[in-house]
Amino acid sequence: MLRAPLSLPHVGLAIFLDFNTRLSWQKQRAIALCRIYIGLGRPLNVPFAKWAMMAMIMMLQGETQPNSLPSMNIVDLRQTTVRQIEPLLEEESLHWRDELHWDYRGALELIKRFLEARALSGCVAYENGTAAGYTFYVMEEQKGLIGGLYVSPQFDQPTIARRLLEEMLYGMRTLPNLSRIEAQLMPFGGPVDHPLKELGFQLYIRQFMLLDLNKPVEMRSGATTGLRLSRWNDRYFDPCAKLIYLSYANHIDGDINDQYRSKAGALRFLKNIILLPGCGQFVPGASFVLHMPGSDDLLGAVLTSEVSPGVGHTTQLCVLPGHQGHGLGRALMITAIDALLGLKFHELTLTVTSVNHGAVQLYEKLGFRTLKSFTAGVWPR
Ligand SMILES: CC(C)(COP(=O)(O)OP(=O)(O)OC[C@H]1O[C@@H](n2cnc3c(N)ncnc32)[C@H](O)[C@@H]1OP(=O)(O)O)[C@@H](O)C(=O)NCCC(=O)NCCS
């Protein structure tokens, strides 16, 4: 293919830009576009030339941008005070509230307490002295869990998110006995798929779904006729852990969360969602188990938490293999929805792995819609 020859001004511009090493990301983007443009061998058009000139003038004037990358430094979270990153935390909680209807303040209070105790591992990116983003992880035995990653949209999110992940993972991988890292990250802080993939993670797409409880739900059920359904009681911890372990055998969610792969892990998962506030406040009145006739074992369960006033979150739904596909999952969901309506809730949310087609179809048929897709990552692949 014939290319138009580069004219001198093109080359001059490219050389000029190449000599400038301390550039803001806008300037770098200008350069990248110049290069693409030059690579395409097209003559400069007027608006583009004007824009490129602006970039040059900005550089000549030594103009400083709040988000210029060279001034970015990454600091260990344990060397950071709550006050320094509080604006970032507040901003993040607005995303959780506005986009996911989730009151994240409880989780942030926990993060702050850990920060104050200098007990939270992770790092913060500072740009010109302002906290631009942060990420943290917690250890669960030999597993590292990346609990959050947030970069303010006022800064270059992709670049900072990548740097934060690189720095933190570099540190994590030096930990003795670390055998696995899991991450489930809401993409408020910029895209994380590419950096995670490049850092050796296996990625899974998950969906955050929402049901408006004020809209009528098709309450067709009846599948539980003759079966005993009970409200949650702490005596169900053990049988429910067994149910979860059996329900997720050879299941994609067992690849994402290894707690599902053993009964002890499933019990830890249950204790986390029922006893700890990380995933909202457990609502026993909207959580049910379905009994196996003539046995202490369970056939199914649906568990619900409250993530903000009047907004529920299904933290678990499962039916024992061999009993799936007979309407029990739908019946459990309808029972929980009915209970939530009685408790004056107005919304219900949940997360599901996109390739879990049966579950996605069930939720869509009930009226759930996807609010956001996000990425779960597991290392090593
Ligand atoms: C997902 C799960 C809870 C569904 O419960 P279930 O009792 O098998 O589902 P139901 O029989 O109530 O099905 C209800 C609807 O879901 C859809 N569905 C359920 N399983 C399906 C499958 N394997 N393929 C396609 N659609 C499916 C159907 O559209 C069905 O609608 P229909 O009654 O109009 O045909 C159950 O299969 C399970 O425990 N799976 C393993 C754990 C899991 O994935 N939990 C959900 C995590 S988000």
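Both counts, for ligands and for their atoms, begin at 1 and track the order of listing.
Side-chain atoms of Arg206 and Gln184 include a donor-acceptor pair closer than 3.5 Å. Side-chain contact, Glu91 with Ser152: a donor N or O sits under 3.5 Å from an acceptor N or O. Neither side chain, Ser93 nor Glu90, offers a donor N or O lying under 3.5 Å from an acceptor on the other. In summary, the side chains of Tyr363 and Gln207 do not present any donor paired with an acceptor at a separation below 3.5 Å, with no hydrogens or angles considered.
Checked by distance only, ligand 1 and Ser247 stay at 3.5 Å or farther apart across all their nitrogen or oxygen atoms. Here's the thing with Ala359: none of its N/O atoms is less than 3.5 angstrom from an N/O atom of ligand 1. Of the N or O atoms in Val352, none lie within a sub-3.5 Å distance of an N or O in ligand 1. In terms of polar-atom proximity, defined here as any N/O pair under 3.5 Å, Arg330 does make such a contact with ligand 1. Considering backbone and side-chain atoms alike, Cys318 places every N or O at 3.5 Å or more from each N or O of ligand 1. In terms of polar-atom proximity, Gln316 is not counted as a contact of ligand 1, lacking any N or O under 3.5 Å from an N or O of the ligand. For ligand 1, the polar-atom distance check finds no N/O of Tyr363 at less than 3.5 Å from any of the ligand's N/O atoms.
The residue from Pro321, Gly325, Gly300 that puts a heavy atom closest to atom 6 (P) of ligand 1 is Gly325.
Less than 6.0 angstrom separates the ring centroid of Phe269 from the ring centroid of Tyr260. A distance of 6.0 Å or more separates the ring centres of His95 and Tyr104. Note: Trp102 and His313 meet the aromatic proximity criterion, with ring centroids under 6.0 Å apart.
Residue Asn356 approaches ligand 1 through these ligand atoms, each under 4.0 Å from one of its heavy atoms: 43 (C), 44 (O), 46 (C), 47 (C). Distances below 4.0 Å separate heavy atoms of Leu317 from the following atoms of ligand 1: 3 (C), 43 (C), 45 (N), 46 (C). Less than 4.0 angstrom separates some heavy atom of Gly327 from each of these atoms of ligand 1: 10 (P), 11 (O), 12 (O). Counting the atoms of ligand 1 from 1 in the order shown, those under 4.0 Å from a heavy atom of Gly329 are 5 (O), 6 (P), 7 (O), 12 (O). Set against the non-hydrogen atoms of Val319, the atoms of ligand 1 under 4.0 Å away are 5 (O), 7 (O), 38 (C), 39 (O).
Residue contact check for ligand 1: Thr351 places a non-hydrogen atom closer than 4.0 Å to it. Using a 4.0 Å heavy-atom cutoff, Lys365 is listed among the residues neighbouring ligand 1.
At least one cation-pi condition fails for Arg105 and Trp96: the charged atom is not both under 6.0 angstrom from the six-membered ring centre and inside a 45 degree cone around its axis.
For Glu141, the salt bridge (charged side-chain N to carboxylate O under 4.0 Å, His left out) criterion is met by Arg268, not counting sequence neighbours.
Sequence neighbours left out, not one pair with a member in residues 226-240 passes salt bridge (Lys or Arg N to Asp or Glu O under 4.0 Å).
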